[in-house]
Chemist: 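This is the structure, below, for whatever I ask next.
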Amino acid sequence: MTDLHQHLRERVLAAVGEMGLDRDVADPLVRLGPPKNRDHGDVALGSFQLAKLAGEPPPAFADALATKVAPDDVIESAEAAGPFVNFRFRRAAMAREVLTAVCVDAAPYGRAAENGQVVCIDFSSPNIAKPFHIGHMRSTVLGNALCRIHRHLGAKVHGINHLGDWGMPFAKMMTAYMRFGDEQALHESPMRYMFELYKRYGKEAEADPALDAEAAAHFKALESGEDNEQRRMWQLLREESLQAFQGPYGRLGVSFDHITGESFFEDKMEAAMARVEAAGVLEESEGAEVVTLKEQGIKVPCLLRKSDGTTLYHTRDLAAAFYREQQYRPTRILYVVGAEQKLHFAQLKAVLTKMDEPVADAVEHVPFGLVLSKGPEGKWEKFASRSGNAVFLDEILDEAVNKVRQVIAEKNPELEDPQQVAEQVGVSAIVFNDLKNGRIKDVKFDWDAMLNFEGETGPYVQYACARLSSILRKAGGDVPDVASVDFTHLADAENVLLTMMGFGAAVQRAADQSEPSVVTNYTIALAGEIHSYLVDHHVLGADPAVRDARLVLVDAARKLLTTGLHLIGIPAPARM
RNA sequence: GCGCCCGUAGCUCAGCUGGAUAGAGCAUCGGCCUUCUAAGCCGGCGGUCCCAGGUUCGAAUCCUGGCGGGCGCGCCA
């Protein structure tokens, strides 16, 4: 909440108090929000519930409330409109509040002070025995954005890459490599080659079921902890793939605080199992060790040890939860993992609950939809890496970057370092597209839409930043001191200012709902206001006092847009 | 079969947790470059908010029941 909103809220509460309502009772009913239509005012209050409390008809109550909130140096007007009260801030006050706060980097526009929250974010976590394809991108970019958003709000964030470097998928890759692998080919192009092995294994295992048994045996040998061939194989493949993954991570601007894959918990699983057993919830079933969860409302039990004695995904996630709790003391642990694994995380949380472990409350699955591609009949269908039509992320990014390069050649041929800008804009277009819609929605991977850089796209927002940067550059680089600005000159920038004031609320909502798209859409809205404003408000040609005020506005808008983009992992080039 | 998710303009989606006349972008049609980047701006067209009940002063939003699509349901992750 901005200072202006805080002030308004105080005034409304005082007025409501004068009207005979108990302040504490009324407090939660004072819900100030943006009005349906901006023409109505800056902030609206539906007085239905307050009126009910006062025993008056809403329109009469709204009328009385509006007269009680007299104008002051912040509030310009309060007008009743039927059961609603519409408030307007003084334009100069809005400009002062926003521009000053942005300028000194104060919260909620700038990064907040430590707030005591500790948030673990388990994201990306790819199965490194598979190629890094488009499907891996969602968790990666969503998690990266959530890390940045929580950090901005003052949380201590632990971004964790819980690599899938253990278990059966890895064992299958080992088996394929040990049967028909070639070290030379592996070194040449690890990701491509492993994808070939992956496909070949799938094909051969279909014809020869013995392959899966072999893989299971290899996994058992690996998990024995002995220094054997399997372990050396595991090490080799793990290093190669991890290396190969650095490419995509680098291009996406993603980094991790901890890369602790499933294998990291190899020596921590027995302790975890002992803890489950000590809690008295472990049962034997058909030769396996399970925790039944009927009383938690989940029909299927959670398997923690297979009948051949080896561990499972759940075992490692459980060990990881204990480890994170003891190591980081998190208030929240977010698992940014596809919606198809909902049951898995419900089980994980239920097991911890049944064990009476407090960390259960921190566990929070952040599910997201699938990536779909257009099928032959125009129907949206799942990307299937198994059938071998997986699209490598690098190819997608390259295609977008190439398209951007063309656009640059066409629109801004004199741009220096077009290659770097193309990379920044092209990769962002793909990332932005992924973060634009609510995460639970399936992403429709539509080349035409993604390579169109007009409208609600990453380039659209970056373009706004570039235009602002250009103005500042042409002004000579010196932005006037905020303290010297006559804010009355910015009355015509009310739409920009109002939108800027919504920044904090957007970031907060994104964090609360684990929904980066709120920030993405915010950047679109602000960029739109800026584009509109710049059309008929020239900065450099204006009278000195107006010019100074507008320069400060431009500088603040650029800062805020840059921050917004940064929060979703996207750079803001100064020229494009 | 059971559980969960989704259903809003031709297409892709918002809709701030129940409020005012349901909003954007794309596509389409029309207008705007002698001044800071036209990857832009302004306007037109376009709606049975899947259907039927219910709760409420008020429902796209909450509840029940359908329909359509998707995902999941013990030794994979």
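By convention in this document, chain letters (A, B, ...) are assigned in the order of the sequence lines, proteins followed by strands, and residues within each chain are numbered from 1.
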Chemist: Which is true for A:Ala449 with a 4.0 Å heavy-atom rule: it touches a base, it touches only sugar-phosphate, or it touches nothing?
Modeler: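 No contact.
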
Chemist: Return the pairing partner of B:rU12 with a 3.5 Å limit on both distances, Watson-Crick or G-U wobble; otherwise return none.
Modeler: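 Matched B:rU12 with B:rA24 under the 3.5 Å cut-off.
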
Chemist: Base, sugar-phosphate, or nothing: which does A:Pro34 touch, judged by heavy atoms less than 4.0 Å apart?
Modeler: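 Base contact - A:Pro34 has a heavy atom under 4.0 Å of at least one base atom.
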
Chemist: Taking the P atom in each of B:rU17 and B:rC49, what is the distance between them to the nearest angstrom?
Modeler: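 Nearest-Å result for B:rU17 against B:rC49 at atom P: 23 Å.
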
Chemist: Using residues 425-435 of chain A as the side-chain source, report each donor-acceptor pair under 3.5 Å to any protein atom, sequence neighbours left out, with the distance given to one decimal.
Modeler:
unit_1   : atom_1 : unit_2   : atom_2 : d
A:Ser428 : OG     : A:Gln424 : O      : 2.4
A:Ser428 : OG     : A:Gln462 : NE2    : 3.2
A:Asp434 : OD1    : A:Arg138 : NE     : 2.7

Chemist: Please determine, for B:rA52, whether a Watson-Crick or G-U wobble partner exists with both distances under 3.5 Å, and give it or none.
Modeler: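 Because both required distances fall under 3.5 Å, B:rA52 counts as paired with B:rU64.
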
Chemist: Check whether A:Ser47 reaches the backbone of A:Leu50 with its side chain - one donor and one acceptor, N or O, closer than 3.5 Å.
Modeler: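 Here the side-chain-to-backbone pair does not exist.
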
Chemist: First and last nucleotide of RNA chain B touching chain A, 5' to 3', heavy-atom cut-off 4.0 Å?
Modeler: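 Going 5' to 3' along RNA chain B, contacts run B:rC2 to B:rA77.
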
Chemist: Please enumerate all residues that pass salt bridge (charged side-chain N to carboxylate O under 4.0 Å, His left out) together with A:Lys354, with sequence neighbours excluded.
Modeler: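 Partners of A:Lys354 by the salt bridge (charged side-chain N to carboxylate O under 4.0 Å, His left out) criterion, ordered by chain and then number, come out as A:Glu295.
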
Chemist: Taking B:rG66 as the reference, what is the distance to B:rA14 when you measure between their P atoms (whole Å, please)?
Modeler: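 It works out to 27 Å between them.
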
Chemist: Touch check for A:Arg316, heavy atoms < 4.0 angstrom, all strands: base, sugar-phosphate only, or nothing?
Modeler: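 It contacts sugar-phosphate atoms only.
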
Chemist: When we call it a touch if two heavy atoms are under 4.0 Å apart, what does A:Asn452 touch: a base, just sugar-phosphate, or nothing?
Modeler: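 Answer is sugar-phosphate: A:Asn452 comes under 4.0 Å of backbone atoms only.
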
Chemist: Please state the P separation for the pair B:rA59 and B:rG19 - nearest whole angstrom.
Modeler: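 Each nucleotide's P atom is 11 Å from the other's.
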
Chemist: Pairs in or reaching into residues 40-55 of chain A: which pass salt bridge (Lys or Arg N to Asp or Glu O under 4.0 Å), with residues at least two apart or in two chains?
Modeler: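 Output for this query lists A:Asp42-A:Arg91.
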
Chemist: Taking any heavy-atom pair under 4.0 Å as a contact, classify A:Val539: base, sugar-phosphate, or nothing.
Modeler: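 Base: the residue A:Val539, judged by heavy atoms under 4.0 Å, touches a nucleobase.
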
Chemist: Name the nucleic acid region contacted by A:Ser532, choosing base, sugar-phosphate or nothing; use a 4.0 angstrom heavy-atom cut-off, strictly under.
Modeler: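 Here A:Ser532 touches the backbone only, sparing every base.
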
Chemist: Taking the C1' atom in each of B:rG53 and B:rC67, what is the distance between them to the nearest angstrom?
Modeler: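 These two C1' atoms come out 15 Å apart once rounded.
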
Chemist: Just by modelled atom types, is the A:Ala80 backbone N or O under 3.5 Å from a matching donor or acceptor in the A:Asp63 side chain?
Modeler: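 Here the side-chain-to-backbone pair does not exist.
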
Chemist: Near RNA chain B, which residues from residues 498-522 of chain A have a heavy atom under 4.0 Å away?
Modeler: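 A:Arg509, A:Gln513, in order of number.
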
Chemist: Could you work out the separation of B:rU12 and B:rA52 based on their P atoms and round it to a whole Å?
Modeler: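 Those two atoms are separated by 23 Å.
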
Chemist: What pairs with A:Arg473 under salt bridge (charged side-chain N to carboxylate O under 4.0 Å, His left out), at least two apart in sequence or on another chain?
Modeler: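 In terms of salt bridge (charged side-chain N to carboxylate O under 4.0 Å, His left out), with neighbours along the sequence ignored, A:Arg473 is linked to no residue.
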
Chemist: Taking only residues two or more places apart in sequence or in another chain, which ones pass side chain to side chain contact (heavy atoms under 4.5 Å, CB included) with A:Asn37?
Modeler: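 So A:Asn37 forms a side chain to side chain contact (heavy atoms under 4.5 Å, CB included) with A:Asp39, A:His40.
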
Chemist: Just to be sure I understand the rule, does A:Gly167 reach a base, reach only the sugar-phosphate, or reach nothing, if contact means heavy atoms closer than 4.0 Å?
Modeler: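 The residue A:Gly167 makes sugar-phosphate contact but no base contact.
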
Chemist: Under a 3.5 Å cut-off for both distances, is B:rC2 Watson-Crick or wobble paired, and to whom?
Modeler: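 Looking at the geometry, B:rC2 pairs with B:rG72.
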
Chemist: Does any nucleotide pair with B:rU17 by Watson-Crick or G-U wobble geometry, both distances under 3.5 Å, and what is it?
Modeler: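 The answer is none; no pair meets the criterion.
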
Chemist: A:His537 near the nucleic acid: base, sugar-phosphate alone, or nothing, with a heavy-atom cut-off under 4.0 Å?
Modeler: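 Base contact.
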
Chemist: What residue pairs, at least two apart or across chains, pass ring pair (Phe, Tyr, Trp, His ring centres under 6.0 Å) with a residue in residues 293-317 of chain A?
Modeler: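 Those involving residues 293-317 of chain A are A:Tyr313-A:His344, A:His314-A:His344.
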
Chemist: How far does the P atom of B:rA20 sit from the matching atom of B:rA60, given to the nearest Å?
Modeler: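 Going atom to atom, P in each nucleotide, I get 9 Å.
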
Chemist: Holding to side chain to side chain contact (heavy atoms under 4.5 Å, CB included), I want the full list of residues that pass it with A:Pro169, two or more places apart in sequence or in another chain.
Modeler: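 Listed in chain order: A:Asn127.
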
Chemist: Heavy atoms under 4.0 Å, any strand shown: does A:Asp442 hit a base, just sugar-phosphate, or nothing?
Modeler: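 Sugar-phosphate contact only - A:Asp442 comes under 4.0 Å of backbone atoms but never of a base.
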
Chemist: Measuring from atom CD of A:Gln347 to atom CG of A:Leu318, what distance do you get when rounded to the nearest 0.5 angstrom?
Modeler: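 One finds 11.5 Å between CD of A:Gln347 and CG of A:Leu318.
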
Chemist: With a non-hydrogen cut-off below 4.0 angstrom, is A:Pro169 in contact with a base, only sugar-phosphate, or nothing?
Modeler: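 It contacts sugar-phosphate atoms only.
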
Chemist: Between B:rC5 and B:rG44, how far is it from one P atom to the other, in whole Å?
Modeler: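 Here B:rC5 and B:rG44 have their P atoms 39 Å from each other.
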
Chemist: How far, in whole Å, is B:rU61 from B:rA22 if one measures between their P atoms?
Modeler: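 Roughly 15 Å separates the two P atoms.
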
